[in-house]
Amino acid sequence: GRIVYPRRGEDNKDGLMRNPSHLDLVEKTLEDSRLGNLHFDISWDAVAKYIVATPESINRAAELINRYPDRFLFGTDVVAPKSETYYDVYAMYEPLWDALTPEAERMIKLTNYERIFDEAREKVAAWERKNTK
């Protein structure tokens, strides 16, 4: 996997460089009807630290996710964990969870997975019926 680090831009007090247009780029991909199958997994601790870095970053991320709640997922993916547990990343996102609508929060944590995996199961079964004997 890869992460696109939002590092170009002004240095913030925490020493992280941010690209102020990073979320604008993400939003453009979400607006593109040709990319309807594109989803963003926000479960990496490396992603979380950028989203929750400042009140502004939390608000911008929440606004985007609330507009496109069906396109984001939270799972159990942690980059190079040392002592972190999966719950640590979940807890790190508490300011984001608080900023989301209840519907968006539920979709990110549960129903998007159900929808995506249920649809995939149906598509695979249809392919198998058509292509196997």
Working to the nearest 0.5 Å, report the span between CG of D24 and CD of E31.
9.5 Å
Hey, what do you get for OG1 (T29) to CG (L38), rounding to the nearest 0.5 Å?
5.0 Å
Pairing of E56 and R60 as salt bridge, 4.0 angstrom limit
no
What residue pairs, at least two apart or across chains, pass ring-ring contact (aromatic ring centres under 6.0 Å, His included) with a residue in residues 93-113?
F74-Y93, F74-W97, Y90-W97, Y93-W97
Does a side-chain heavy-atom distance below 4.5 Å link L35 with L30?
no
Is a donor on one side and an acceptor on the other found under 3.5 Å between the side chain of D45 and the backbone of V89?
no
Closest heavy-atom pair, I108 versus P69, reported as atoms and distance to 0.1 Å, is CG1-O, 4.2 Å
Could you report the tightest heavy-atom contact between A104 and N66, atom names first, then the distance?
CB-OD1, 3.3 Å
To check you understand the geometry: which heavy-atom pair defines the closest contact between G75 and D41, and what is its length?
N-OD1, 3.9 Å
Hydrophobic cluster membership, with links at side-chain heavy-atom distances under 4.5 Å among I/L/V/M/F/W/Y: are I42 and F117 in one?
no
Any donor-acceptor pair under 3.5 Å from R115 side chain to D70 backbone:
yes
Nearest heavy atoms of M92 and K49, plus distance in Å
SD-N, 4.1 Å
Quick check: are there more than 12 heavy atoms from other residues, nucleotides or ligands sitting under 6.0 Å from CG of N37?
no
Can you tell me if R106 uses its side chain to pair, donor with acceptor, with the backbone of T111 under 3.5 Å?
no
Hey, is the main chain of F72 close enough, under 3.5 Å, to the side chain of N112 for a donor-acceptor pair?
yes
Donor-acceptor check, side chain of S57 to backbone of I51, threshold 3.5 angstrom: yes or no?
yes
M107, L96: one ILVMFWY side-chain cluster at the under-4.5 Å cut-off?
no
Any side-chain heavy-atom pair from F40 and V47 closer than 4.5 angstrom?
no
If I compare all heavy atoms of L23 with all of A61, which pair ends up nearest, and what's the gap?
CD1-N, 3.6 Å
H39 versus L73, closest heavy-atom pair with distance:
CB-CD1, 4.0 Å
Would you list the atom pairs, donor with acceptor, under 3.5 Å between side chains in residues 118-128 and any protein atom, with sequence neighbours excluded?
| from | atom 1 | to | atom 2 | distance (Å) |
| --- | --- | --- | --- | --- |
| D118 | OD1 | R121 | NH1 | 3.0 |

So, taking the atom named CD in E63 and the one named CG in L100, what distance separates them when rounded to the nearest 0.5 Å?
11.0 Å
